[in-house]
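Working notes, structure below.
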Amino acid sequence: IMAKIDEYEKLENQLVKLKEQFPQDMKDSLLQAGMMGKLTEQLETDIPVEETLKEITEKKAQLVKNKSIRKEKLLPKINEDEVLFDIPSTWKWVRLSSLYLILNGDRGKNYPSKNKLHKTGNYPFISALNLENNRVKKDDNLLYLNNEQYESLKAGKLVNNDRVMCIRGSLGKHGVFSGVSGAIASSLVIIRKVLPSENADYIDLFLDSPVIFQQINSYNNGTAQPNLSAKNLKQFIVPVPPIEEQQRIVDKLDKLLPLVDKLAELN
């Protein structure tokens, strides 16, 4: 009898774990399907991906010319061994840095120590502690730079709608910055749109998807403080559909993902 009781308890524990994990597994499956082009219809009337990529390249060249950004090193060509899965013929695998600017924070002498930050101010100094539910959370954990500290920084300054991602510790944790200005801690990088027309909602889905975590895991060395450099992140590959298709994927997942949350609440 005791053996049977133990067996039932183990089974019950397994069911509890499955119940807890099911919503996340379902979300991962939907995100993966979206990244593979299996949730939406492909339309020949969409603007070719190559045109958007050309616009991004031209805009980056202009930013370099204006000395707004530094000239980037040539990214290695994506080889067949890197490709994670098949995508529709109208899509293209590209390096993340071919789509977005990947910007480090200032790690030099002007980097502020925590005891020199402030409880209030005009310039939030974002760390991994401030990222929650894919947003920069403005609560008591958020610290600020004063005007002098902010002006002294040579890099890592935020603008509204930047994405920030953790590359130390909680690899892949990310959020959207909503505000006029701010700066990032050394554990984060900025992911910034090059063109206003780029669909940042699509990149948010990519940052949540198994596609990026499959790549992150190859850099997770199992230490207490795993690290991922901005250089590594720039070389991550992204399945990129046409702009119109990106929006269709965003719209579809905006409908499906909340249903998974409701299902989890019913359980």
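Below, each value reflects all heavy atoms present in this structure, side chains not excepted, and no hydrogens, waters or symmetry copies. Residues take their numbers from the sequence shown, with the count starting at 1.
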Contact between [X] and [Y] at the side-chain level, heavy atoms closer than 4.5 Å - yes or no?
X	Y	answer
Leu142	Ile126	yes
Val136	Pro124	no
Ile190	Leu101	no
Asn122	Tyr144	no
Val238	Tyr100	no
Arg95	Glu82	yes
Val189	Leu233	yes
Lys65	Gln62	yes

Rounded at 0.5 Å granularity, tell me how far [atom1] in [X] sits from [atom2] in [Y].
X	Y	atom1	atom2	value
Met165	Ile203	CE	CD1	10.5 Å
Leu228	Ser218	CG	OG	8.5 Å
Leu205	Lys27	CG	NZ	12.0 Å
Leu31	Leu257	CG	CG	5.5 Å
Ser68	Lys60	OG	NZ	13.5 Å
Arg163	Ile102	CZ	CD1	12.5 Å

Could you pull out every donor-acceptor pair under 3.5 Å between side chains of residues 109-119 and any protein atom, sequence neighbours left out?
| from | atom 1 | to | atom 2 | distance (Å) |
| --- | --- | --- | --- | --- |
| Asn110 | ND2 | Ser152 | O | 2.9 |
| Tyr111 | OH | Ser186 | N | 3.0 |
| Tyr111 | OH | Ser186 | OG | 3.4 |
| Ser113 | OG | Asn115 | OD1 | 2.6 |
| His118 | NE2 | Lys116 | O | 3.3 |
| His118 | NE2 | Asn146 | ND2 | 3.4 |
| His118 | NE2 | Gln149 | OE1 | 3.3 |

Is there a donor-acceptor pair under 3.5 Å between the side chain of [X] and the backbone N or O of [Y]?
X	Y	value
Arg168	Cys166	no
Glu198	Leu195	yes
Asp139	Asn141	yes

Fill in: Atom CG of Asn79 with >12 non-hydrogen neighbours under 6.0 angstrom
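Enclosed.
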Discussion item. With a 6.0 Å cut-off (strictly less than), is the heavy-atom count around NZ of Lys234, excluding the residue itself, greater than 12?
Written reply: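 Yes.
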Please give me the minimum heavy-atom distance between [X] and [Y], naming the atom from each residue.
X	Y	answer
Leu99	Val240	CD1-CG2, 3.5 Å
Leu84	Gln214	CD2-NE2, 3.5 Å
Tyr202	Val250	N-CG2, 3.7 Å
Ser98	Leu75	OG-CD1, 3.5 Å
Gly34	Ile249	O-CD1, 3.5 Å

Practice prompt. List for me each residue that meets salt bridge (charged side-chain N to carboxylate O under 4.0 Å, His left out) alongside Lys92, sequence neighbours excluded, and say none if there are none.
Written response: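 Listed in chain order: nothing, the list is empty.
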Practice prompt. Would you kindly say whether Asp28 and Gln32 are connected by a side-chain donor-acceptor distance under 3.5 Å?
Written response: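 No, no side-chain donor-acceptor pair sits under 3.5 Å.
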Discussion item. If you apply the rule side-chain contact (heavy atoms from CB on, under 4.5 Å), what do you find for Asn134 with Leu207, and how did you get there?
Written reply: CA-CA 10 Å; Asn134 295 351; Leu207 294 176; over 6 Å; no
Is there a path from [X] to [Y] through hydrophobic residues (I, L, V, M, F, W, Y) whose side chains come within less than 4.5 Å of each other?
X	Y	value
Leu153	Ile69	no
Leu129	Leu143	no
Phe85	Leu96	yes
Val211	Val94	yes
Val159	Ile191	no

Show me the donor-acceptor pairs, under 3.5 Å and distance only, between side chains in residues 241-248 and residues at least two apart or in other chains.
| from | atom 1 | to | atom 2 | distance (Å) |
| --- | --- | --- | --- | --- |
| Glu244 | OE1 | Ile47 | N | 3.2 |
| Glu244 | OE2 | Ile47 | N | 3.2 |
| Glu245 | OE1 | Arg248 | NE | 2.8 |
| Glu245 | OE1 | Arg248 | NH2 | 2.6 |
| Glu245 | OE2 | Thr40 | OG1 | 2.4 |
| Glu245 | OE2 | Gln42 | NE2 | 3.2 |
| Gln246 | NE2 | Pro241 | O | 3.0 |
| Gln247 | OE1 | Asn199 | ND2 | 2.9 |
| Gln247 | NE2 | Asp251 | OD1 | 2.9 |
| Arg248 | NE | Glu41 | O | 3.3 |
| Arg248 | NH1 | Asp46 | OD1 | 3.4 |
| Arg248 | NH2 | Glu41 | O | 3.2 |
| Arg248 | NH2 | Asp46 | OD2 | 2.6 |

Worksheet entry | Residue pairs passing the ring pair (Phe, Tyr, Trp, His ring centres under 6.0 Å) test where at least one lies in residues 40-84, sequence neighbours excluded |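 Listed once each, the pairs would be none.
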Practice prompt. Would you mind listing every salt bridge (Lys or Arg N to Asp or Glu O under 4.0 Å) that reaches into residues 147-162, with sequence neighbours excluded?
Written response: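 Listed once each, the pairs are Asp162-Arg192.
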Determine all donor-acceptor pairs shorter than 3.5 Å in which one atom belongs to a side chain in residues 171-185; sequence neighbours excluded.
| from | atom 1 | to | atom 2 | distance (Å) |
| --- | --- | --- | --- | --- |
| Lys173 | NZ | Ala128 | O | 3.1 |
| Lys173 | NZ | Leu131 | O | 3.3 |
| His174 | NE2 | Asp208 | OD1 | 2.9 |

